[in-house]
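Nothing fancy with the numbering, it's 1 onward along the sequence. The basis for the numbers below is simple: all heavy atoms, side chains too, and nothing from hydrogens, waters or symmetry mates. Order of appearance sets the numbers: ligands from 1, and atoms from 1 within every ligand.
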Amino acid sequence: MRFHVQPASDLLSGEVVIPGDKSIGHRALLFSLLSATPVHVRGLGDGADNGRSAKAITALGAAIAKAPDGFVITGTGLDGMRAPTSPLDCGNSGTTIRLLCGLLAGQRFATTLVGDESLSKRPMKRVIEPLASMGARITGQGVGHDITPPLTVGPAAKPLTAIDYTLPMASAQVKTALLLAGLFADGATSTTEPGPSRDHSERMLRYLGAPLTVSGRRTTIETRHWDRRLAGDGFTVPADPSSSAFLVAAALVAGARRVRLPGVCVNPTRTGFLDAIAAMGGTVILENPRDAGPEPIADLVIQGRPAELRGTEIAGDLAVRSIDELPILAVLAARAHGTTTVRDAEELRVKESDRIATTCAMLRSFGIECEVRPDGFVVQGQPDRPLSPGRVHADGDHRIAMAGAIAGLVATGESTIDDADNVATSYPGFVDAMTTLGASIRIER
Ligand code: S3P
C-alpha cells in the first residue's frame, strides 16, 4: 500500500475520535483472560496488533462476546488456561509476544509464538533471560547474541521461582512479562527499571486486585497470602496518545483553525511528546482533564497558524516517555528553528524497524539534514521554506509511514509513502482521520 500526500492547502480543522490506546488494549485483553469474572472492555482500538492479542486469548480459552458498547471477555482465571491447538501468531506485535512469554512461562503446556518478518527479527532475550532465571523454559532462534521468534514457551515443570530483577533498559514489555510470570511464582517478584516506562500494567493489575506495589522505579508482585484471584467489572480504553501525536503534529506544522481530539490518555509516562512540543514552543491545550478508570485523560486542542517551533534536546527520561513519538517529533524538528538532538534512545534500533535509520532516511527524502547517532539523531530544522516532496520507504513501520505522511503536508508537491500497509497495525483509520481534518492523502493499493 502506498500513500500519495498533497501539500495542505488550508488550515486543518475538525474533531477526530482517536482509537483506543494500543498498549492499554493489549493489557485489557491479556489481563481479562486471567480474570475470574467477565470483564467489559470499552473503547478497544481496531488495530491489527490488538487483534493478535484478542486471537491469542481466545486460543487460550477466553470467550469474547460483542456488547453494544464494546466487548465482554470471559476469561479462564489464573489457573484455567488451555493449551492452544496451533501456534499463536503475534503478527507485527512486540507487546503481544513479550507479554505472552510472561503469561505462559508458568503454564504446564507448551505454546509456540510466531510473528511476521519484522517481529521475527526483534530481540527476545530481554524477556527470555530473566524468565529463564525464574525457571521458565523458553527456546527460540539464535541470531547473533540474541534470540528471535519463533519461540516455544513451556511447559513449566514446577511453579516459577520469584526473582528480584534490575532491567538493563526501561521497558514496559519486559517489566510486564516478569510481573505476569510473578503471578505464577511463589513469593515476591520485583522489577527495577532505569527509566520511567509506561505503567499501564501496574494500574490495571492493581485494579483487578493483583497483590502489586510500586515504590519509585521498583514494582513488586507478592503472591504469599494471596487468594490467587483477579477480578474486575471492566476497562475503558482511552484514545491512544501515540496515534494522536500524528494529528497533533499535523495541526502544528500545517496550522489549525481548531483541531480537537477528545479523551486522549495523558498518563505521565506517555506524555513525553507533549512536553517536547512545549519545549519547542508549540501549544497543545489540554481541556477537561478527568479520569477513565485507572488512567487520566483529557481533550487535546490545537489552534492557530503553523507553529513557530525551536529546536530542543530530547534525552534521558524524556526520551523514554516519548519513545514511540520520536519519529513524529523528528518531523516537528524539521520545521523548527535550529537543531534538535535526540539522545539516550538506542531502543529505537529494535522497534518495528531500526527507527534511528528509518527516521533519518524519511527526513532526508524531504531534503532535511538528519545525522544518525548510535543512540539517537540530530535534525537541522528548515522552518522558513517548504520541504521538497518526499519519496519515503516506510520499511513496513507504521509510525514511519504516518510521520512521512505528516511531513508531506508541508512539502512543495506530492509526496509518496511506500510500504505503508502496517499503518493498520495501530491506526487503520489514519487516512480517514486526516481527510476529516482537511488533508488530501490518496491510498494506492
Ligand atoms: C509498549 C512498550 C514500549 C513501546 C511499545 C509498546 C507496551 O516498548 O515502545 O510500542 O505496550 O508495553 P518497550 O517496553 O520495549 O520499551
Side-chain angles (χ1 to χ4, degrees), residues 20-31 44-45 47-50 52-53 56 90-103 115 118-119 121-130 146 165 167-180 191 193-205 217 219 235 237-238 240-246 265 267 269-273 295 316-329 342 344-356 358-359 375 397-400 402-403 422-423 425-427:
D21 182 69
K22 185 154 75 80
S23 290
I24 297 174
H26 285 302
R27 289 159 173 79
L29 291 159
L30 296 172
F31 299 173
L44 190 68
D49 279 8
N50 277 175
R52 299 292 183 180
S53 288
C90 303
N92 194 243
S93 177
T95 307
T96 304
I97 199 165
R98 294 197 178 115
L99 268 52
L100 279 175
C101 284
L103 194 108
S118 154
L119 189 60
K121 288 188 206 137
R122 295 183 65 187
M124 297 296 144
K125 203 165 162 177
R126 51 182 59 203
V127 284
I128 293 173
E129 230 168 45
D146 220 298
Y165 185 68
L167 279 68
M169 77 293 279
S171 167
Q173 294 175 351
V174 176
K175 171 177 63 181
T176 305
L178 297 181
L179 296 174
L180 288 172
T191 61
E193 286 187 283
S197 77
R198 60 198 67 191
D199 66 354
H200 308 303
S201 297
E202 294 88 313
R203 291 168 186 255
M204 294 169 74
L205 285 172
R217 301 255 159 95
T219 307
F235 292 115
V237 184
D240 194 323
S242 301
S243 301
S244 305
F246 297 101
C265 179
N267 176 321
T269 61
R270 297 293 297 283
T271 50
F273 79 104
E295 295 286 343
D317 287 358
L318 184 58
V320 175
R321 293 173 51 246
S322 60
I323 194 76
D324 290 344
E325 290 71 62
L326 292 172
I328 188 61
L329 283 168
V342 173
D344 305 323
E346 45 277 277
E347 276 298 298
L348 288 179
R349 296 267 182 209
V350 289
K351 295 295 180 188
E352 287 85 327
S353 67
D354 172 349
R355 281 192 184 147
I356 294 181
T358 51
T359 297
D375 66 340
D397 187 327
H398 55 136
R399 300 200 198 282
I400 299 298
M402 290 187 275
N422 275 342
V423 165
T425 61
S426 63
Y427 196 178

Where is the nearest protein heavy atom to [atom]: which residue, which atom, and how far?
atom	value
atom 16 (O) of ligand 1	Lys351 NZ, 3.5 Å
atom 1 (C) of ligand 1	Gln173 NE2, 3.6 Å
atom 15 (O) of ligand 1	Ser171 OG, 3.2 Å
atom 11 (O) of ligand 1	Ser23 OG, 2.7 Å

If you measure from each non-hydrogen atom of [X] to ligand 1, which part falls under 4.0 Å: side chain, backbone, both or neither?
X	answer
Ser197	neither
Lys175	neither
His200	neither
Lys22	neither

Given side chains that start at C-beta, do those of Ile328 and Glu325 come closer than 4.5 Å, heavy atoms only?
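Yes, their side chains come closer than 4.5 Å.
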What distance separates Arg203 CZ from Phe235 CZ, expressed to the nearest 0.5 Å?
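Answer for the CZ-CZ pair, Arg203 versus Phe235, is 12.5 Å.
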Pick out which of Asp324, Thr425, Asp240 makes a side chain to side chain contact (heavy atoms under 4.5 Å, CB included) with Lys22.
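Of all the options given, the one that passes is Asp240.
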Check whether the side chains of Lys175 and Ser197 place a donor and an acceptor atom closer than 3.5 Å, and report yes or no.
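The answer is yes; a qualifying pair exists.
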Which of the ligand 1 atoms, numbered from 1, are nearer than 4.0 Å to a heavy atom of Ala170
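Per the distance check, 16 (O).
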Can you name the atoms of ligand 1, numbered from 1 with element, that are less than 4.0 Å from a heavy atom of Asp324?
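Every atom of ligand 1 under 4.0 Å from some heavy atom of Asp324: 4 (C), 5 (C), 9 (O), 10 (O).
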Ser118 backbone acceptor or donor facing Arg122 side chain under 3.5 Å
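Checked: no pair found.
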Passes side-chain hydrogen bond (donor to acceptor under 3.5 Å, both in side chains), His398 versus Ser426? Steps please.
CA-CA 7 Å; His398 55 136; Ser426 63; 2.7 Å; yes
Regarding [X] and [Y], does a basic nitrogen lie under 4.0 Å from an acidic carboxylate oxygen?
X	Y	result
Arg217	Asp317	yes
Asp21	Arg198	no
Arg270	Glu295	no

Heavy atom of Arg198, distance to ligand 1 below 4.0 Å:
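Heavy atoms of Arg198 do come under 4.0 Å of ligand 1.
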Is the shortest N/O to N/O distance between Arg27 and ligand 1 below 3.5 Å?
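Indeed, backbone or side chain, Arg27 has an N or O that close.
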Can an N or O of Ile323 be found at a distance shorter than 3.5 Å from an N or O of ligand 1?
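No, since none of the N or O atoms of Ile323 sits under 3.5 Å from an N or O of ligand 1.
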